[in-house]
Amino acid sequence: MDNQETNLLHYKQINSSMISLFQYLFSIFVILVHSGRLVENELLHFTFKSVFARMAVPFFMICSSFFIRGYLTVHHRVGIYIRHLVKTYLFWSLIYLPYACFYLQSLPLPSHHPLIYLIGLVVALVYTGMCYQLWYIPAFLLGVWLVSQLLKFIGKIKTGILLFLLYLFGSIETYSAYLGHTPFFTAYQAYARILITSRNGIFYAPIFIFLGYLLYDFYQTNLFKNSYVWKVIACFALLCVEYILVFLRQGLDKNFFLGLPLFILFLFNAISRTSVFAKKDFSTLRKLSTLYFFIHPIFIEWTLFALRERSMSPAEKGSYLFFSSLICTHLVSTFMLKVKQWRIRHINRIR
């Protein structure tokens, strides 16, 4: 059997239904992250937002890169996928353009010259996103390009080491409370004054994209085939130790956890291999998860505007934001899917 047939076999063996289910669940956690605090208790808040919700983006990145490395590469459709992703990103960037303009106007900029706003919009388009969830796509695209170039010129081992070092530097934001008086934190502060965050396509995304590629390349090896559930449990146990350390002394932000890449790698591997729900069709959940990602900030911001004069605790406001945004996002997303299905049936009848 040649490599192409092996790659196709990998793709046919994975439990796409279970992956779709987890994509949907993690899309809900993305809404949770952007809703703020849901509970007053600090430990529960940390568990919801920094433990489970922060798993969403790494899962999506490993899932997407696994898909790119496999099925899309075999069928020479990576370029088509990237172009579609760019078009989708530009469409939603246009939708959120008013939000970006309003946000720029609220900043204490040194000048209100139109050129300043134009530069800000360009930075938003290529780096931070026109809205706070859209940073993911430029980060993912840059990460895919970077990983592909590194694999091409220095190979897998050196690429893996370099990407881990980049991720290690990015994690300074998480461990800043431990590194506050060290040269490492000073270097990170100098970087952050220019590029704001290390959660981007250089320090954050590449390690997860690389691991998605790696999983597909070695999918049939004993490392991933044997005892895959126990490996998930072991990785999560080690990750919990790290969670405790970060909870006790919390840094600037909590996007980077050193144990997260391996845990998400083995989690995705286990999900793709399990027989649970293998015969179910959860493709609608996958489609809903995509719409949830793009749409939910609209309802979060509308709800924030509606609550602007109400006196509420952070947990009350966060809970209201989360549940109202989730319900509205689901209703609109479901409606959009129904309209799309109706259009497809209508076109097919015409043909």
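Treat the numbers as computed from the prediction; the structure is a model and nothing was measured.
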Does Arg273 qualify as a cation-pi partner of Tyr219, given the criterion of NZ or CZ under 6.0 Å from the six-membered ring centre and within 45 degrees of its axis? yes
Are the side chains of Trp135 and Val57 in contact, using a 4.5 Å heavy-atom criterion? yes
Plane angle bin for Tyr243 and Phe46 - parallel if under 30°, tilted between 30 and 60°, otherwise perpendicular: perpendicular
Grab the two heavy atoms, one from Thr128 and one from Ala124, that are nearest each other, plus how far apart they are. OG1-CA, 3.2 Å
Donor-acceptor contact below 3.5 Å, side chain Lys287 vs main chain Ser333: no
If you take all heavy atoms of Pro58 and Leu260, which pair is closest and at what distance? CG-CD2, 3.7 Å
Going from NE2 on His181 to OG on Ser176, what distance comes out if it is rounded to the nearest 0.5 angstrom? 11.0 Å
Taking every non-hydrogen atom, the tightest pair across Tyr127 and Pro138: O-CG, 3.8 Å
Distance flag, aromatic centroids of Tyr175 and Phe256, threshold under 6.0 Å: no
Any donor and acceptor pair, going by atom type alone, linking the side chain of Glu173 with main-chain N or O of Thr197 inside 3.5 Å? no
Below 30° counts as parallel, above 60° as perpendicular, anything between as tilted: where do the rings of Phe26 and Phe22 land? tilted
So with a 6.0 Å cut-off around OH of Tyr191, is the heavy-atom count from everything else above 12? yes
Nearest heavy-atom neighbours spanning Ser289 and Gln23: CB-O, 3.5 Å
NZ (Lys156) with more than 12 external heavy atoms under 6.0 Å: yes
Please indicate whether Tyr24 has more than 12 foreign heavy atoms, meaning atoms of other residues, nucleotides or ligands, lying under 6.0 Å from its OH. yes
Just wondering, are more than 12 heavy atoms of other shown residues or ligands nearer than 6.0 Å to OH in Tyr99? yes
What do you reckon, is CZ of Arg310 surrounded by more than 12 foreign heavy atoms closer than 6.0 Å? no
Heavy-atom closest contact (Ile271 atom, Asn15 atom, distance): O-CB, 3.6 Å
What I'd like to find out is whether the side chain of Leu288 reaches to under 4.5 Å of the side chain of Ser27, using heavy atoms alone. no
Just checking, any donor-acceptor pair under 3.5 angstrom between side chains of Gln133 and Tyr292? no
Look at the side-chain heavy atoms of Ile, Leu, Val, Met, Phe, Trp and Tyr, link any pair under 4.5 Å apart, and say whether Ile233 and Val276 land in one connected group. no
What verdict does the side chain to side chain contact (heavy atoms under 4.5 Å, CB included) test give for Val51 and Leu239, after you've listed the backbone C-alpha separation in whole Å, the side-chain angles of each residue and the deciding distance to 0.1 Å? CA-CA 9 Å; Val51 176; Leu239 188 56; over 6 Å; no
Going only through I, L, V, M, F, W and Y residues with side-chain contacts under 4.5 Å, is there a path from Ile119 to Tyr103? yes
Which residue, Tyr216, Phe218, Phe266, Phe66, forms the ring-ring contact (aromatic ring centres under 6.0 Å, His included) with Phe224? Phe266
If I take atom NZ from residue Lys317 and atom CZ from residue Arg37, how far apart are they, to the nearest 0.5 angstrom? 13.5 Å
Any chance the rings of Phe299 and Trp302 have centres within less than 6.0 Å? yes
Tell me whether Arg199 is salt-bridged to Asp253, with the criterion being a basic N under 4.0 Å from an acidic carboxylate O. no
Where the side chain of Ser319 meets the backbone of Leu38, is there a donor-acceptor pair that is under 3.5 Å apart? yes
Whether over 12 other heavy atoms sit under 6.0 Å from Leu248 CG: yes
Minimum heavy-atom separation for Thr174 to Lys254, with atom names? OG1-CA, 3.8 Å
Beyond-backbone contact of His296 with Ile300, side-chain heavy atoms, under 4.5 angstrom: yes
Nearest 0.5 Å, please: how far is CD1 in Ile95 from CD1 in Ile298? 7.0 Å
Within 6.0 Å of OH in Tyr320, more than 12 heavy atoms from elsewhere: no
Row check, Tyr213 ring normal vs Arg69 NZ/CZ: under 6.0 Å, within 45°: yes
